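To start, the structure itself, in structure tokens.
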Amino acid sequence: MSRMLPYGRQSINEADIEAVAEVLRGDWLTTGPKVDEFERALSEVAGGSEAVAVTSGTAALHVAYVAAGVRTGDEVVTTPLTFVATAAAAAIAGAKIVFADIDPATGNLDLDSAEAAVTPRTRVVTAVDYAGLPVDSAAFAAMAHRHDALFVEDAAHSIGSVLNGVPVGAGADLTTFSFFPTKNMTTAEGGAVVSPDPELAARARRFKGQGLVRDRDALRFPDEGPWHQEVHDFGLNYRLPDVLCALGISQLSRLEGFRRRRQEIHDAYNGAFAGNPHLTVPGTVEGAAPAWHLYPLRVEADRRKAIFEELRRRGIGVQVNYIPAYWHPVFEDLGYRRGMCPEAEKYYSQEISLPLFPGLSDEQVGMVIENVLEVAGS
Ligand SMILES: *Cc1c(COP(=O)(O)O)cnc(C)c1O
């Protein structure tokens, strides 16, 4: 193998390509029938919650925080073991970010730590389905509601995952997806917000569409003329175009196949590494049927960097997910200090993500296993 095996990559087939080409030959490039069709298909995967397609997972988080009413002075409680966008989008909406620690078994936000971080100013609690393993959305939503806050689930890793029969997207007040190429399905760039609450979904839809109101019943000046539309709250343009929604529809129809292949690879890694005294395999929970986005292996912290470099040298494109969000200089400059969330810091210090994507062959999986055992497991 001459090229570096990536840690994640898209799976695009001829049907995906044809779906995109067909839209390019048609009348609508941006907002047309494929947006509605993609949103209906997303709603089905998300247990019937209304879906709003947007331009990225980061945009989805921004839209979700605005729909939840986050404004300057509010607090958002979240996990540090995530891509920084989970926190950054809330900070952009004006919130102060309060980090709570993780459950070291799964990497997911710990419910008790999150509740301990809640104050009367908390507007939202946001958990991340780390690596694809769903958090207990019912428990998080109940906790948030007890404190007059909303629960947002950053499901950038976990579209297609199910916990106790409940699909991701059905349990939180607002759930966000990302369709970046390394994620469980892709639209190149893209994302979505889903909500079982029609009012939250309507606010999300207005914000991603420049705030425009066209419904006659909702207009303040309904008799202005047939051209008339109004803005009642400022919005942005986060509309996902028809071209990309067509790719999303095609990818969604392949999601269950992706999930099964990801699980097979996950099982093969677990089979090779579980019980090895130098390695810790990712935890799961009873009742979960995850669509695994990542395979976060943990190694001895003092060897992590050397193992990472040696695996890369051998052509295995490992990754680290994630540096604790508050280690980013933007948080350091705001006064956040290392040591705040010791479990998340320990997890980060040991973590290496192995290649995991549907197009990985059994032979490649075997090659990764062999090299990891040679480099890290003995
Ligand atoms: C990828 C990711 C995002 C951001 O999604 P983009 O589509 O890249 O903007 C947000 N949160 C988490 C946990 C992610 O992994």
Side-chain angles (χ1 to χ4, degrees), residues 6-10 38 42 51-66 76-93 95 97 99-100 102 106-109 124-135 137 140 151-161 168-169 172 174-194 204 208 236-241 244-245 247-248 251 262 282 290-296 319-328 330-331 344 347-348 351 353 356-357:
Y7 85 98
R9 77 162 272 146
Q10 69 277 15
F38 184 39
L42 279 169
V52 179
V54 297
T55 49
S56 71
T58 305
L61 285 159
H62 190 198
V63 168
Y65 290 129
V66 170
V76 170
V77 173
T78 192
T79 171
L81 192 69
T82 186
F83 182 57
V84 67
T86 313
I92 292 275
I97 311 302
F99 290 102
I102 61 158
T106 63
N108 278 340
L109 181 63
V124 165
V125 176
T126 305
V128 174
D129 298 330
Y130 178 77
L133 181 70
V135 298
S137 58
F140 271 98
F151 174 52
V152 171
E153 189 167 343
D154 180 344
H157 297 183
S158 63
I159 187 168
S161 297
V168 165
L174 293 143
T175 299
T176 63
F177 297 129
S178 164
F179 308 131
F180 188 74
T182 56
K183 305 291 166 75
N184 287 348
M185 56 166 275
T186 190
T187 61
E189 298 282 358
V193 181
V194 302
K208 79 105 180 232
L236 291 169
N237 176 358
Y238 283 148
R239 292 186 302 257
L240 189 66
L244 299 182
C245 287
L247 179 55
Q251 287 267 302
R262 287 174 174 279
W292 293 107
H293 160 57
L294 297 174
Y295 187 89
Q319 187 59 274
V320 168
N321 304 93
Y322 294 94
I323 183 177
Y326 57 81
W327 285 20
H328 285 282
V330 65
F331 281 110
Y347 198 106
Y348 160 70
E351 201 269 350
S353 299
L356 178 59
F357 53 92

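We're numbering straight along the sequence, starting at 1. Keep in mind that what you see is a predicted model, and the values were worked out from it rather than measured. The figures here come from the full heavy-atom set of this structure, side chains too, leaving out hydrogens, waters and symmetry mates. First listed ligand is number 1; within each ligand, the first listed atom is number 1.
Close approach to S56 involves these atoms of ligand 1, each under 4.0 Å from a residue heavy atom: 7 (O), 9 (O). Listed by atom number, the atoms of ligand 1 under 4.0 Å from D154 heavy atoms are 10 (C), 11 (N), 12 (C), 13 (C). Proximity to T82 (heavy-atom distance under 4.0 Å) selects the following atoms of ligand 1: 13 (C). Interface of Y322 with ligand 1, defined as ligand atoms under 4.0 Å from a residue heavy atom, comprises 15 (O). Listed by number with element, the atoms of ligand 1 under 4.0 Å from a non-hydrogen atom of T86 are 11 (N). Atom numbering of ligand 1 starts at 1 in the shown order; those under 4.0 Å from a heavy atom of S178 are 1 (C), 5 (O), 6 (P), 7 (O).
Below 3.5 Å of separation, one finds an N or O of G57 facing an N or O of ligand 1. Residue-to-ligand polar distances keep E189 apart from ligand 1: every N/O pair is separated by 3.5 Å or more.
Counting only N and O atoms by type, the side chains of H62 and Y238 include a donor and acceptor under 3.5 Å apart. Side-chain polar atoms of E189 and T187 form no donor-acceptor pair below 3.5 angstrom.
Residues Y347 and I102 have side chains in contact (heavy-atom distance under 4.5 Å, counting atoms from C-beta outward). L42 is listed as a side-chain neighbour of F179, based on a closest heavy-atom distance under 4.5 Å. Contact check for V168 versus D129: side-chain heavy atoms found under the 4.5 Å cut-off. Under the 4.5 Å side-chain criterion, counting only non-hydrogen atoms from C-beta, Y7 is not in contact with F357. Using a 4.5 Å heavy-atom threshold, the side chains of T126 and F151 count as separate.
Ranking the protein heavy atoms by distance from atom 4 (C) of ligand 1 puts T58 OG1, 3.6 Å first. In terms of protein heavy atoms, atom 1 (C) of ligand 1 is closest to K183 NZ, 1.6 Å. The closest protein non-hydrogen atom to atom 15 (O) of ligand 1 is H157 NE2, 2.8 Å.
Assignment of H293 to the shell around ligand 1 is not supported, since no heavy atom sits closer than 4.0 Å.
Checked against side chain to side chain donor-acceptor pair (under 3.5 Å), R9 has no partners two or more places apart in sequence or in another chain.
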